[in-house]
2 protein chains.
Amino acid sequence: MARRISERADLLPVLGEIFRDYGFEAASLSVIGERTGLGKGSLYHFFPGGKEEMAKAVLDEIGSWFENEVFRPLREDGDAAAAIEAMLVAVDGYFRSGRRICLVGALALADSRERFAAQIAGYFAAWQDALAGALARSGQADPDGLAEEILALIQGGLVLARARDEAVIFTRLLARLRLRLQPAG
Amino acid sequence: MARRISERADLLPVLGEIFRDYGFEAASLSVIGERTGLGKGSLYHFFPGGKEEMAKAVLDEIGSWFENEVFRPLREDGDAAAAIEAMLVAVDGYFRSGRRICLVGALALADSRERFAAQIAGYFAAWQDALAGALARSGQADPDGLAEEILALIQGGLVLARARDEAVIFTRLLARLRLRLQPAG
DNA sequence: TAAAGACTGAACCGATCGGTACAGAATGGA
DNA sequence: TCCATTCTGTACCGATCGGTTCAGTCTTTA
């Protein structure tokens, strides 16, 4: 054996930002090489499946992060309202208060969506299920509908913030959401 | 002179669907040629600026459609609540009840966003302004915040519907929105 | 009907695409 | 120390990219 035990894992955050910046199609191997500092040889050593394997690995990592930091806490017993507030904090942090887009949502709108359809659908389904459970425990009426609405607000907020180049739009939407959740939470 | 007076205008809807399906980068001139039935020579005759001019023309057409069918009715005096309801009907129709994505929103998330930044930002700003005015006239509190929220719901609903391949998500979100607007409208 | 201008198809351009091949450098275990 | 293995840089592949060029066809107007 030689060299690193897990340099591949270290690449995933960089790859994620590249796909966020360029999208899947426009993220060329040359720009990936530049920003990772790796030649094609190294990239294909770590990801024999090429760009598609890179994107899938990134989506897996994102899914794991949300599972650990967002979904599972929502599912745990305990103060449901506090768990939902923790979710909002985590989401605000992850999306850099509106300055960072959701790669999963962006891929869902792109033509490459079919390649990653299962991962994309699974991400949102898991999120909505976990959130609906917490909303139900916190006494909200129509938890499924409300969870769907909250996810749409978050995704739409990221679109609007990026479209108008005003990150504060995302923060404002989260603030309004907190107010709506307050009375019943 | 010869030939058509406005074949170029007839191309715009087709080009719009192509950009929806593929995104800007992945919409190659060859696929544009296939689906329009035109060779590169014809395409560059109508759009000397190439793909970028095509996309800008499509965005202009979308902007005009929304201006006439959505924004202006919202601004007109009269029954504000009815105008808002008319907007929801128009939006549901335009986006095919969730089966069609918003090209403006999709471009906002893509790497080509800077090329169309002005048109993208202008589209959402005009929409939000017109909607906030109608909401104010209908007696809603915080019309600006609510308008922002409604736009986010629409955009996020399109993302979710596409991501989970369930158009009904979009319809459900619009239905919930109608309920929320009812009491004060 | 003839000239003018709108329109078209095909060949072509250099650049870049994703991906492959492989020799050799770097590294750790024996 | 030496070998097995991991890792890397470079050169290269065919295909396709967006864009250009232009001879020639079509249609309208005069």
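By convention in this document, chain letters (A, B, ...) are assigned in the order of the sequence lines, proteins followed by strands, and residues within each chain are numbered from 1.
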**Q.** Any residue meeting ring pair (Phe, Tyr, Trp, His ring centres under 6.0 Å) with B/Y123, in chain and number order, not counting sequence neighbours
**A.**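 So B/Y123 forms a ring pair (Phe, Tyr, Trp, His ring centres under 6.0 Å) with B/F66, B/W127.
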Rounded to whole angstroms, how far apart are [atom1] on [X] and [atom2] on [N]?
| X | N | atom1 | atom2 | answer |
| --- | --- | --- | --- | --- |
| B/M54 | D/dG19 | CE | C1' | 10 Å |
| B/L11 | C/dA6 | CG | P | 17 Å |
| A/R8 | D/dT8 | CZ | P | 14 Å |
| B/D10 | C/dC7 | CG | P | 11 Å |
| B/H45 | D/dG19 | NE2 | C1' | 17 Å |

Q. Under 4.0 Å between a Lys/Arg side-chain N and an Asp/Glu carboxylate O for A/E25 and A/R115?
A.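 Yes, A/E25 and A/R115 are salt-bridged.
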Q. Honestly curious: do A/I169 and A/L158 fall in one hydrophobic cluster under the side-chain, below-4.5 Å linking rule?
A.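 The answer is yes; both residues are in one hydrophobic cluster.
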(Q) Checking A/A130 now: which residues fulfil side-chain contact (heavy atoms from CB on, under 4.5 Å) with it, not counting sequence neighbours? (A)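 In terms of side-chain contact (heavy atoms from CB on, under 4.5 Å), with neighbours along the sequence ignored, A/A130 is linked to A/F71, A/L74, A/R75.
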(Q) For nucleotides 9-21 of chain C, give me one character per nucleotide, 5' to 3': B if any protein heavy atom sits under 4.0 Å from the base, S if the only such contacts are to the sugar-phosphate, - if neither. (A) BB------SBBB-
Q: Please work out whether the ring planes of B/Y94 and B/W65 are parallel, tilted or perpendicular, with thresholds of 30° and 60°.
A: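 Rings of B/Y94 and B/W65: tilted, as their planes differ by 30° to 60°.
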(Q) For the CG atom of B/L151 and the CZ atom of A/R164, what is their distance to the nearest 0.5 Å? (A)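 Going from CG on B/L151 over to CZ on A/R164, the span is 8.5 Å.
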